[in-house]
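If you read the sequence from its start, that first residue is 1, and numbering goes on from there.
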Amino acid sequence: SKPATAATEFKISDLGLLLEKSVERLRPGIPAEVQLQASRPAERLPVLASTEQMQQVILNLVQNSVQSGAKKIDVWAESLGQGSTQEVHL
């Protein structure tokens with residue numbers, strides 16, 4: 001039988017704020033020679049997502065960039081739509 005797993009909790013979060021907080025937590029583990037910058041728009045970017053899973057995605061993106069030899073990493077979130085449905089790029 002499969003082990004019991006916790007249900008993933010989805011909630012509405014501001015992707016831009018989540019991005020900034022995640023990068024702040026990652027910064028101490030990034031080599032000094034690597035520039036890491038996060039930016040977000042002034043408006044909220046509400047997403048229905050698991051906060052933990054989104055943080056893991058951001059962590060993976062940054063770690064992959066560092067491992068590939070990047071010396072400057074810019075991470076941003078932006079909205080590319082208007083109305084009730086928006087396309088969000090991360």
Is the closest side-chain heavy-atom distance between I30 and I73 below 4.5 Å? no
Closest approach of P41 and A77, non-hydrogen atoms and distance? CD-O, 2.9 Å
Mind checking whether I12 and V47 sit in one hydrophobic cluster, side chains of I, L, V, M, F, W, Y counted as touching below 4.5 Å? no
On a heavy-atom basis, which atom in S39 and which in L19 lie closest, and how many Å separate them? O-CD2, 3.7 Å
To the nearest 0.5 Å, tell me how far I58 CD1 sits from M54 CE. 5.5 Å
Could you list all the salt bridge (charged side-chain N to carboxylate O under 4.0 Å, His left out) pairs where at least one residue sits in residues 7-28, not counting sequence neighbours? D14-R40, E20-R40
Minimum heavy-atom distance P31-V66, with the two atoms named: CD-CG1, 4.0 Å
Working to the nearest 0.5 angstrom, can you tell me the gap between L48 CG and S13 OG? 8.5 Å
Just grab all the side-chain hydrogen bond (donor to acceptor under 3.5 Å, both in side chains) pairs involving residues 62-71, residues at least two apart or on different chains. none
Side-chain heavy-atom pair L36, V62 within 4.5 angstrom cut-off: yes
